[in-house]
Amino acid sequence: MTSIPSCPCEARWELPADPSVTAKCRAMVREALTEWNLHDLADDVVVVVTELLGNAIIHGAPPIHLALRAGPGTLTGAVTDGGDGWPRVRAAGTELEHGRGLRIVSALTDLWGVEPVRTGGGKTIWFTCGARPSETSRPPPEGQ
């Protein structure tokens with residue numbers, strides 16, 4: 001895996017199309033959000049990234065990239081893969097083991113969407129979450 005640092009609140013990784021990378025990716029996402037003092041988003045973003053990365057590995061094609069960027073009040077993430085298939089929300093019955101990933105992404109994010117890669121094939125699935133700084137970073141109430 002290659003990490004490409006670009007600024008204090010942006011992280012980019014090129015990931016192998018191998019399911020074994022998922023656990024390490026979760027740890028990298030959690031570490032980045034901790035460094036950016038976005039602890040409150042970590043659990044949800046880890047689940048979202050896991051779902052999108054799983055889709056890229058199973059239904060997409062290499063190369064696979066993950067990017068996170070913390071801006072004023074918003075965390076943006078994106079998983080890009082070189083596959084031609086387009087994601088779609090599926091109806092998942094109680095008996096099915098798969099098909100709930102994008103519903104989970106929708107439930108845990110403020111917005112999400114899909115865009116074609118401008119240079120070549122593939123797509124980027126992006127999401128945004130309202131950045132909620134951890135309690136330790138908030139100013140104390142007035143008068144204290």
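All values below come from the heavy atoms of this structure, side chains included, with hydrogens, waters and symmetry mates left out. Because the structure is predicted, anything quoted here is derived from the model rather than measured.
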Residues that Asp84 engages under salt bridge (charged side-chain N to carboxylate O under 4.0 Å, His left out), provided they are two or more places apart: none
Distance from Leu111 atom CG to Thr76 atom OG1, nearest 0.5 Å? 9.5 Å
Distance (rounded to the nearest 0.5 Å) between Trp112 CH2 and Thr128 OG1: 12.0 Å
What's the shortest heavy-atom distance between Gly101 and Glu51, and which atoms? CA-OE1, 3.2 Å
Residue of the set His65, Lys123, His59 for which side chain to side chain donor-acceptor pair (under 3.5 Å) holds with Asp81: Lys123
Do the side chain of Thr34 and the main chain of Arg30 share a donor and acceptor less than 3.5 angstrom apart? yes
Quick one: closest heavy-atom pair of Val79 and Ile64, and the distance? CG1-CG2, 4.4 Å
So do Val21 and Leu53 actually touch side chain to side chain, heavy atoms under 4.5 Å? yes
What distance separates Cys9 SG from Leu38 CG, expressed to the nearest 0.5 Å? 7.5 Å
Interatomic distance, Leu52 atom CG to Leu102 atom CG [nearest 0.5 angstrom]: 7.0 Å
Just wondering, do Asn55 and Pro87 contact through their side chains at under 4.5 Å, heavy atoms? no
Pairwise distance CG(Leu33) to CG(Asp40) - rounded to 0.5 angstrom: 10.5 Å
Please lay out, stage by stage, how Thr50 and Arg26 fare under the test side-chain contact (heavy atoms from CB on, under 4.5 Å). CA-CA 7 Å; Thr50 300; Arg26 284 192 293 264; 3.2 Å; yes
For Leu41 against Gly130, the heavy-atom pair lying closest together: CD2-O, 3.3 Å
For Met28 and Trp13, work out which heavy atoms get closest and say how close. SD-NE1, 3.7 Å
Indicate yes or no: at least one non-hydrogen side-chain atom of Asp44 is less than 4.5 angstrom from one of Cys129. no
Looking at Val114 and Trp126, what are the two nearest heavy atoms and their distance? N-NE1, 3.8 Å
Would you check if the side chain of Thr22 reaches a backbone N or O of Pro19 as a donor-acceptor pair within less than 3.5 Å? yes
Any heavy-atom pair between the side chains of Ile104 and Val48 that's under 4.5 Å? no
Nearest atoms (heavy-atom pairs only) where Leu15 meets Cys25: CD1-SG, 4.0 Å
From CG (Leu66) to CZ (Arg12), nearest 0.5 Å: 10.5 Å
Applying side-chain contact (heavy atoms from CB on, under 4.5 Å) to Leu108 and Phe127, what does each step give before you reach the verdict? CA-CA 10 Å; Leu108 296 178; Phe127 64 90; over 6 Å; no
